[in-house]
Amino acid sequence: MENITADGKIKTIRCVKATHEDFAKLVKLGKDEKKALEAFQQKWGYEVEQLEKLIQQNAYQTVTQGNETKTLLELYIEMVKRAEQLYAYHNAYHVLMEEGVNELLVTIGIAPDSYDYDFYQLCLEN
């Protein structure tokens, strides 16, 4: 148990420190981006996978929603950017929080890769 201090606290090997406020901010940013992506998909009636197939056939086909017109390629690019931003928040959370959880699991004899759980996804969905 080399990750435990003499007073029973967990040592950290992470070089990045975060506060509860940092975690809360990442969750809020992720929830906001997830909602924005879902709203964008609902508004235009497409998901990324559908657009990938459609732009192979005709990337410059236009779609109109209300008084706004975009090409399928423009929709695809915007959706991918939003999805990438959400993924970036997920990665930041993973580095800050889940690696700490992995360290905790090691201290109690559980291999970090033995569980398949995504704490960030849980936070986004609740």
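Computation of the quantities below employed the complete heavy-atom set of this structure, encompassing side-chain atoms and omitting hydrogens, waters and symmetry-equivalent molecules. Note that the coordinates shown come from a computational prediction; the quantities given were computed from them, not determined experimentally.
- For the atom pair CG of L26 and NE2 of H90, the computed distance is 11.0 Å after rounding to the nearest 0.5 Å.
- Under the 4.5 Å side-chain contact rule for hydrophobic residues, V48 and V63 share a cluster.
- The CG atom of L75 sits 13.0 Å away from the CD atom of E47 when rounded to the nearest 0.5 Å.
- Between the side chains of Q121 and E125, at least one donor N or O lies within less than 3.5 Å of an accepting N or O.
- Side-chain atoms of T62 and T69 include no donor-acceptor pair closer than 3.5 Å.
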Q: Kindly determine whether N91 and Y93 satisfy side chain to side chain contact (heavy atoms under 4.5 Å, CB included), including the steps that lead there.
A: CA-CA 5 Å; N91 282 346; Y93 189 90; over 6 Å; no
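- Residues satisfying the side chain to side chain donor-acceptor pair (under 3.5 Å) test with E84, not counting sequence neighbours, are none.
- Under the side chain to side chain donor-acceptor pair (under 3.5 Å) criterion, E21 pairs with T19, not counting sequence neighbours.
- Using a 4.5 Å cut-off on side-chain heavy atoms (C-beta onward), L86 and K34 make contact.
- Ring-plane geometry between W44 and F40 is classed as tilted, the angle between the planes lying from 30 to 60 degrees on a 0 to 90 degree scale.
- With hydrophobic clusters built from ILVMFWY side chains whose heavy atoms lie under 4.5 angstrom apart, Y46 shares a cluster with I77.
- Using a 4.5 Å heavy-atom cutoff, the side chains of Y76 and L54 are not in contact.
- A distance of 14.5 Å separates NZ in K31 from OH in Y89, rounded to the nearest 0.5 Å.
- Note on L124 and F23: same hydrophobic cluster, where clusters join Ile, Leu, Val, Met, Phe, Trp and Tyr whose side-chain heavy atoms are under 4.5 Å apart, directly or indirectly.
- Across Q50 and G45, no two heavy atoms sit closer than the pair OE1-O, 4.1 Å.
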Discussion item. As a quick check of understanding, evaluate salt bridge (Lys or Arg N to Asp or Glu O under 4.0 Å) for K70 and E68, giving each step before the final call.
Written reply: CA-CA 7 Å; K70 293 183 181 266; E68 194 174 358; 3.6 Å; yes
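- Looking at heavy atoms from C-beta onward, E74 lies in side-chain contact with T71 at the 4.5 angstrom threshold.
- Looking only at distances, no side-chain donor or acceptor of Q61 sits under 3.5 Å from a matching main-chain atom of N58.
- Heavy atoms from other residues, nucleotides or ligands lying under 6.0 Å from NZ of K25 number 12 at most.
- Here the straight-line distance linking atom CD of Q41 with atom CD of E38 works out to 7.0 Å at 0.5 Å rounding.
- Taken from NZ in K53 to CD in E49, the straight-line distance is 8.5 Å, to the nearest 0.5 Å.
- Atom CD of Q65 is separated from atom CD of Q42 by 10.0 Å, given to the nearest 0.5 angstrom.
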